[in-house]
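This report concerns only the one structure given below.
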Amino acid sequence: KKEIEQQAFVIGLALDKGVKTENIIVTFQIALPQAFVAEAQSNEPFWNISVEAADITAAEYHLSRMINQVPNLEHCQIILIGEELARQGLDNYLDFLIRTQEVRRMVKVGIVQGKAKDVLEIDFKTALMPSFVVAEMMSDNSKHTLELTNFMNVGRLHMADIMGYDFVLARILPLKDKLDMSGGSVFKGLKMVGWLSGEEMMGIRFLRGDVGSGSMNIELPEELGERAMLRIFEARSVMEPELRDERLIAKLKIRIEGDITEIISDNEKIGETELLNKIQNLFEDDIKKKVKRSFQKVQQEYECDPFMLKEKIKSYYPKFWKQNCSIWDEVYRSTKLEIEAKVLVRRIGEIRH
């Protein structure tokens, strides 16, 4: 048996670039079991301790020499990686997370714009510990807004490493006593190559086909009013490759259903039906523009493919892939994106005149 008081339950890990170039700083967030006992003296349910070492394994060994408990990673909720370390690459540190039996495959991974350890030190004004707050935000909030990516975990990172495909992790920006988790961090070959804004992340989710529910707003032309808000309750998108005159075309079909929650319009001459038809067209055009900008950014600036177009080419056109696999980067950069978007407004909220 193992006495619970003798174990240091690590509920969160933060990895940052070390003072020495070849080192990393690992911050362990450790839950204190005695803090949950009514008669305990502790006011804090956790404590953070940072260790600089050559890798995560060495940092864990150092930690065991610094405290009178045995580190236990079985209850780890989140792994946060600082920007500087992410730009160096994750290949040197992913091996430990994959091999150790203590770290579960479903542990979530996010990239911090700044120092990862800063997130674990935020006072969220809630009973939950910071690691639990961030983990819940990553798993739940992406279902309600289009500007957050659905989370990546250790298991998915392992698959990306094996299959060699690009991916996007959640971007986490610490702001004093709160977080901004919109946007994403783009990875190519397990190395971070750049950031995506919340709007660009929305475009990537449509390109990947993992959109769910959320909200979108557009500025209306002067003759229609000020702005309109669409609450999306169902969204589907499918991207398929097509060869046309030996040129690769990425065809994206988007279908959105939602409710207009608010329209601010001062034009009393235009009818409700005409107004809604024009607004649907405006939303369709707005979505196309956002998706195209996202596609061009990762295609031309970052030169990576986080929507698995390469994998679809292998399946759809194996002969074409065999002939062009050696020059795939060139083929991908010349790929043209074609978008069909359909927005259907099912219910009308408030219309102000």
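Computation of the quantities below employed the complete heavy-atom set of this structure, encompassing side-chain atoms and omitting hydrogens, waters and symmetry-equivalent molecules.
Legend: residues meeting side chain to side chain donor-acceptor pair (under 3.5 Å) with Glu257, ordered by chain and number and at least two apart, are Arg255, Arg346. In this view, Gln296 satisfies the side chain to side chain donor-acceptor pair (under 3.5 Å) rule with no residue, not counting sequence neighbours.
Atom CZ of Phe233 is surrounded by more than 12 heavy atoms from other residues, nucleotides or ligands within 6.0 Å. More than 12 heavy-atom neighbours from other residues, nucleotides or ligands sit within 6.0 angstrom of CD on Gln300. The number of heavy-atom neighbours closer than 6.0 Å to CZ of Arg244, taken from other residues, nucleotides and ligands shown, is above 12. Within a 6.0 Å radius of CD in Glu22, other residues, nucleotides and ligands contribute more than 12 heavy atoms. Within 6.0 Å of NZ on Lys117 lie no more than 12 heavy atoms contributed by other residues, nucleotides or ligands.
When atom types are taken as modelled, the side chain of Glu102 and the backbone of Leu73 share a donor-acceptor pair closer than 3.5 angstrom. Glu199 contributes no side-chain N or O that, together with a main-chain N or O of Lys290, makes up a donor-acceptor pair within less than 3.5 Å. Side chain of Arg104 to main chain of Glu74: a donor-acceptor pair is present (N/O by atom type, distance under 3.5 Å, no hydrogens or angles). Panel note: side chain Glu242, backbone Lys251; no donor-acceptor pair is recorded below 3.5 Å. With Asp245 contributing its side chain and Arg247 its backbone, the two residues share no donor-acceptor pair below 3.5 Å. Here the side chain of Glu301 pairs no donor or acceptor atom with the backbone of Gln299 at under 3.5 angstrom. Put simply, the side chain of Thr100 never gets that close to the backbone of Leu97: no donor and acceptor are under 3.5 Å apart. Put simply, the side chain of Tyr302 never gets that close to the backbone of Lys297: no donor and acceptor are under 3.5 Å apart.
Shown here for Pro174 and Ile122, the closest heavy-atom pair between the two residues is CB-CD1, 4.0 Å. Listed here is the closest heavy atom pair of Leu148 and Ser182: CD1-CA, 3.9 Å. Minimum heavy-atom separation, Leu230 to Gly258: CD1-C, 3.8 Å. Residues Ile172 and Gly110 come closest through the heavy atom pair CD1-CA, 4.2 Å. The two residues Leu120 and Pro130 make their nearest non-hydrogen contact at O-CG, 3.6 Å. The two residues Ser50 and Thr27 have their closest heavy-atom pair at OG-OG1, 2.8 Å.
The cluster map of Ile, Leu, Val, Met, Phe, Trp and Tyr, joined by side-chain heavy atoms under 4.5 Å apart, puts Ile25 and Ile111 in different clusters. Tracing side-chain contacts under 4.5 Å through hydrophobic residues (I, L, V, M, F, W, Y), one never reaches Tyr332 starting from Met308; they form parts of separate clusters. Placement of Met152 and Tyr165 in two distinct hydrophobic clusters is found when ILVMFWY residues are connected by side-chain heavy-atom separations under 4.5 Å, directly or transitively. No single ILVMFWY cluster, assembled from side-chain heavy atoms under 4.5 Å apart, contains both Ile287 and Val238. Hydrophobic clustering, with ILVMFWY side chains joined whenever heavy atoms are under 4.5 angstrom apart, keeps Ile260 apart from Met229.
Considering only heavy atoms from C-beta on, Asp161 stays 4.5 Å or farther from Asp91 through its side chain. Counting only heavy atoms from C-beta outward, the side chains of Phe9 and Gln69 never approach each other to under 4.5 Å. Between Glu60 and Val10 the shortest side-chain heavy-atom distance does not fall below 4.5 Å. The closest side-chain heavy-atom distance from Lys108 to Ser139 is below 4.5 Å. Residues Leu337 and Val291 meet the side-chain proximity criterion, which asks for heavy atoms closer than 4.5 Å. When side chains are defined from C-beta on, Leu309 does not count as touching Leu207, because their heavy atoms never get closer than 4.5 Å. A 4.5 Å side-chain heavy-atom check between Cys76 and Val103 finds every atom pair outside the cut-off. In this structure the side chain of Phe295 never reaches within 4.5 angstrom of the side chain of Leu252, judged on heavy atoms.
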TODO: Starting from the C-alpha separation in whole Å, work towards a yes-or-no answer on side-chain contact (heavy atoms from CB on, under 4.5 Å) for Thr149 and Phe167.
DONE: CA-CA 11 Å; Thr149 180; Phe167 55 91; over 6 Å; no

- [ ] Would you check, one step at a time, whether the test side-chain contact (heavy atoms from CB on, under 4.5 Å) holds for Ile79 with Val154?
- [x] CA-CA 9 Å; Ile79 297 172; Val154 173; 4.0 Å; yes

Open item on the list: I'd like to know whether Arg227 forms a side-chain contact (heavy atoms from CB on, under 4.5 Å) with Asn217, so could you lay out the CA-CA distance, the side-chain angles of the two residues, the decisive distance to 0.1 Å, and finally the verdict.
Closed with: CA-CA 7 Å; Arg227 63 181 180 275; Asn217 67 82; 5.7 Å; no

Task: Val298/Ile204 under side-chain contact (heavy atoms from CB on, under 4.5 Å): CA gap, chis, key distance, verdict - done: CA-CA 9 Å; Val298 296; Ile204 294 298; 3.9 Å; yes

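Listed by first and then second residue, the side-chain hydrogen bond (donor to acceptor under 3.5 Å, both in side chains) pairs involving residues 307-328 amount to none (not counting sequence neighbours). Listed by first and then second residue, the side-chain hydrogen bond (donor to acceptor under 3.5 Å, both in side chains) pairs that reach into residues 228-239 are Glu234-Arg236, sequence neighbours excluded.
For the pairing with Ile313, the side-chain contact (heavy atoms from CB on, under 4.5 Å) check across Val331, Asp305, Leu248, Thr335 returns one residue only, Leu248.
Here the straight-line distance linking atom CZ of Phe96 with atom CG of Leu13 works out to 7.5 Å at 0.5 Å rounding. Between Ile218 atom CD1 and Leu282 atom CG the span is 4.5 Å, to the nearest 0.5 Å. In this structure, CE on Met66 lies 9.5 Å from CZ on Phe28, to the nearest 0.5 angstrom. Considering CD of Glu136 and CG of Leu128, their distance stands at 5.5 Å, rounded to 0.5 Å. Rounding to the nearest 0.5 Å gives a distance of 12.0 Å between CD1 of Ile339 and NZ of Lys289. One finds the NZ atom of Lys17 at 13.0 Å from the CD1 atom of Ile24 (value rounded to the nearest 0.5 Å).
A salt bridge does not link Arg333 with Asp329: every distance from a Lys NZ or Arg NE/NH1/NH2 to an Asp or Glu carboxylate oxygen is 4.0 Å or more. A salt bridge is defined here as a Lys NZ or Arg NE, NH1 or NH2 lying under 4.0 Å from an Asp or Glu carboxylate O, and Lys125 with Asp123 meets this definition. Remark: Glu84 engages Lys115 in a salt bridge, criterion side-chain N to carboxylate O under 4.0 Å. A salt bridge is absent between Lys288 and Glu284; no separation between the charged side-chain nitrogens and carboxylate oxygens falls under 4.0 Å.
Hydrophobic clustering, defined by side-chain heavy atoms of Ile, Leu, Val, Met, Phe, Trp and Tyr closer than 4.5 Å, groups Leu173 together with Leu175.
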Would you mind writing out the side-chain donor-acceptor pairs for residues 185-195 within the sub-3.5 Å range, not counting sequence neighbours?
| from | atom 1 | to | atom 2 | distance (Å) |
| --- | --- | --- | --- | --- |
| Ser185 | OG | Leu169 | O | 3.3 |
| Lys188 | NZ | Glu303 | O | 2.6 |
| Trp195 | NE1 | Glu83 | OE2 | 3.3 |

